[in-house]
Amino acid sequence: MSAHPVEAGSGDADTARQESSAGRASGLAAAVPAAQHALLRTALEHLPHGVCVFDADDRLVLANRRYIELWQLPPGLALPGTALAAILSAAPGCERSCGDAALADAVPRREWLRDDGQRIGMDLTRLPAGGRMALVEDLTGQRQVQAQVAHLSRHDELTGLPKRAALYEEFERLLARGTGAEDLALICLDLGRFKTVIDQFGHAAADQLLCEAAERLRGCTRRTDLIVRLGGDEFAVLQSGAEQPASAKALAQRMIAVLSRPFELAGGRAHLGASAGIAVAPFQGRDAETLLRQAGLALCQAKADARGGSRFFEPGMDAGAQARLSLEADLRQAVAERSLQLHYQPKIHLADGVVAGVEALLRWHHPKRGWVSPLDFIPVAEETGLILAIGRQVLAKACADARNWPSAVHVAVNVSPLQFRHGSLLRDVLAALKASGLEANRLEIEITETVMMEDAPRAVELLAQLRRHGVRVAMDDFGTGFSSLGLLRSFAFDRIKIDRSFVRDVDTHADARSIVRAIAGLGHSLGMAVTAEGVETAAQLDAVRREGCDEVQGFLFSPARPAGEIPGLLETVVAAGLGRLAAD
């Protein structure tokens, strides 16, 4: 242990000093009445801290039992007159807070680490008459808590992986150590369908999955690779000392492969997959913040391309991200101002050419961009959650518009998977019907197979609730998913709509005609009406009619029109439709 800078005496002089210190202790005791002295001594012995007093020569005057216990002193070193230097030399451990003995005397707060791991703190106070008083305490628990807080500030509590701040620190450390930026690559990873796991299995199972994912990442990386949890289901890996970009590409593929294996959870088996975005220094940046942003942009592109792939950052992605942010900001304003519009496309009953209903289609006329395609802004709305507010506005507007049309005309509204997952769809539908006064059987909700595939039991229950309130339900874009037949068995839809990709080739390709015929026959056998979407030519109209479709929808009859044009459009379309059907 580093000693206090006080020279200890020896021989007769040392003995004389001990006797002198003992005398001063006796003098102090004699100066205090016996009863008060006993009370003071009792109080000192019951303090949770160690207390001791040293004279001007740093000799012990008095000490309580706790002081002796904390320093683990033999009885002989607790006697009045013992030198502080002797006590420090005998105490096991080493001083931690002040390694410079020349400065130790000026430091009122000192700390020791004992050999058994305990940390002892001592506060020194100069006394007016000379000498010092020391207050000693066990800091072990306090330091452990501080260490835990420091650890949690830099590490994820669930997975134990470092957080984002550790990524920045490691990047700077590598550069300071002399590792060239050319040796560094950053890989961002995102699990697929993670929200589905939460919806289907619950948060506890999702936490279990994240811990398992972290272990799998540890298993396919090197000790020198830093794995970080960025938040949610996003991870990042900082790779150093490897040949780039080949090493980063290989690592990304290994991580995607291990994360694509099924996860065995408490509630069942989950298949997720993953996507990765890669940024390599110095090509995409020379600091961690830039690399992380570029790798994130590459990840977004990888997810847009196809789940389960990886992409390197390219300069065009940055421009695309800026354009997307601008589009998102404008879309938020449009939603807030309720400036999105609904146009309606008629659906024609083939038996008599009567307009059976209309489909509400969302349109956005931007003050500067002009008409913005739904293919551009709907994905942004779904990614940002704006689709929830948009969905409520669409339901309210469609029901209010349909209330002004003939009672035989129903209105169909598309809903997104996010509206189903959020859990407010039933409430939004009933609110729109109540506010508009529209009969429930004139509203038809169109869903895609994606909704059913993510959580079929929950979706079926919600659809059944809608049906009990009188609302119709249609399966949109039928035939493009992976479990279409199973979905038809799980719920009795009022209508199935054949995807336009089959209708487009129905008059020229035998396989397309066979698919349309099979879907129509299947729908009829299950008591469901069948609508063909995207009919644009007379030849397509003739083909879908011959193959058994009940209704058609498409540009051949009319594009989508504003609500104000629908009353007049109903008469025009009926006349035109009857004419075409009669001509055929």
Side-chain angles (χ1 to χ4, degrees), residues 341-363 371 373-375 378 394 398 401-402 405 408-414 444-449 472 474-480 493-520 523-524 528-563 565-584:
Q341 305 174 29
L342 281 184
H343 288 188
Y344 300 90
Q345 187 174 45
K347 292 184 287 187
I348 313 302
H349 198 275
L350 284 174
D352 51 17
V354 172
V355 176
V358 295
E359 179 182 359
L361 299 172
L362 196 60
R363 298 291 183 260
W371 290 106
S373 171
L375 296 177
I378 291 296
V394 168
D401 287 343
W405 302 332
V409 177
H410 69 262
V411 61
V413 176
N414 294 278
E444 185 170 275
I445 297 298
E446 294 189 3
I447 68 167
T448 62
E449 296 175 45
R472 302 183 185 186
M475 170 65 74
D476 196 14
D477 300 334
F478 185 80
T480 59
F493 292 90
D494 295 285
R495 179 186 319 281
I496 53 178
K497 301 182 70 175
I498 302 176
D499 186 71
R500 64 183 64 247
S501 61
F502 302 120
V503 175
R504 181 179 57 244
D505 299 325
V506 70
D507 60 322
T508 57
H509 291 73
D511 56 347
R513 285 195 297 274
S514 297
I515 292 174
V516 172
R517 185 186 314 122
I519 295 175
H524 292 155
M528 304 175 187
V530 180
T531 301
E533 296 183 284
V535 176
E536 299 182 356
T537 67
Q540 292 171 348
L541 172 63
D542 179 62
V544 298
R545 184 180 59 177
R546 283 189 285 103
E547 301 305 338
C549 293
D550 303 300
E551 297 176 356
V552 290
Q553 175 183 347
F555 276 26
L556 178 63
F557 292 89
S558 173
R561 297 294 186 188
E565 299 181 18
I566 296 302
L569 183 65
L570 294 177
E571 299 179 3
T572 303
V573 168
V574 170
L578 287 174
R580 289 191 179 92
L581 292 172
D584 291 339

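The structure displayed is predicted, hence computed values, not measured ones. Side-chain atoms are counted along with the backbone in the values below, which use heavy atoms only and exclude waters and symmetry mates. We count residues from 1, following the sequence as given.
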Distance, nearest 0.5 Å, that separates CD1 of Ile498 from CG of Asp477: 11.5 Å
Contacts of Ala518 that satisfy side chain to side chain contact (heavy atoms under 4.5 Å, CB included) - sequence neighbours left out: none
Report the residues that fulfil side chain to side chain donor-acceptor pair (under 3.5 Å) with His509, sequence neighbours left out, ordered by chain and then residue number. none
Rounded to the nearest 0.5 Å, what separation is found between the CG atom of Asn414 and the OG1 atom of Thr448? 8.5 Å
Which atoms form the tightest heavy-atom contact between Gly548 and His524, and what is the distance? O-CE1, 2.8 Å
Taking all non-hydrogen atoms of both residues, which atom of Val516 and which atom of Cys549 are closest, and how far apart? CG1-SG, 3.9 Å
Please report the closest heavy-atom contact between Val530 and Gly523, naming both atoms and the distance. CG2-CA, 4.1 Å
Roughly how far apart are Leu361 CG and Leu342 CG, rounded to 0.5 Å? 8.5 Å
List the residues meeting side chain to side chain contact (heavy atoms under 4.5 Å, CB included) with Asp494, not counting sequence neighbours, and say none if there are none. Arg467, Arg472, Val473
If we only count heavy atoms from C-beta on, is the Ile447 to Ile445 side-chain gap below 4.5 Å? yes
Sequence neighbours excluded - salt bridge (charged side-chain N to carboxylate O under 4.0 Å, His left out) pairs with any residue from residues 501-515: none
Could you walk me through whether Ile348 and Val354 pass the side chain to side chain contact (heavy atoms under 4.5 Å, CB included) check? CA-CA 6 Å; Ile348 313 302; Val354 172; over 6 Å; no
The criterion is salt bridge (Lys or Arg N to Asp or Glu O under 4.0 Å); which residues satisfy it with Arg517, sequence neighbours excluded? Glu547
Any non-hydrogen side-chain atom of Thr537 less than 4.5 Å from a side-chain atom of Leu556? no
Residue list, side chain to side chain donor-acceptor pair (under 3.5 Å) with Gln540, at least two apart or on another chain: none
Please round to the nearest 0.5 Å and tell me the distance separating atom CG of Leu350 and atom CD of Glu551. 8.0 Å
Apply side chain to side chain contact (heavy atoms under 4.5 Å, CB included) to Arg561 and list each qualifying residue two or more places apart in sequence or on a separate chain. Ser558, Pro559, Glu565, Ile566, Leu569
Partner residues of Asp401 under the side chain to side chain contact (heavy atoms under 4.5 Å, CB included) criterion, sequence neighbours left out: Tyr344, Lys397, Trp405, Ala563
I want to check something: taking the side chain as every heavy atom from C-beta on, are Val355 and Phe557 in contact at a cut-off of under 4.5 Å? no
Sequence neighbours excluded, the answer for side chain to side chain donor-acceptor pair (under 3.5 Å) partners of Glu444 is Lys347, Arg495
Check: Thr531 and Val552 side chains under 4.5 Å, non-hydrogen atoms: no
Can you name the residues that form a ring-ring contact (aromatic ring centres under 6.0 Å, His included) with His343, not counting sequence neighbours? Trp371
How long is the gap from CZ on Phe493 to CG on Asp476, to the nearest 0.5 Å? 11.0 Å
Which atom names give the shortest non-hydrogen contact between Pro374 and Leu362, and what distance separates them? CG-O, 3.6 Å
Just to verify, what does Arg363 make a side chain to side chain donor-acceptor pair (under 3.5 Å) with, not counting sequence neighbours? none
Smallest separation among heavy atoms of Ala360 and Val411, with atom names: CB-CG2, 4.4 Å
dist Ile496:CD1 -> Asp550:CG (nearest 0.5 Å) comes out at 9.0 Å
With side chain to side chain donor-acceptor pair (under 3.5 Å) as the test, pick out the partner of Gln553 among Glu533, Arg500, Lys497. Lys497
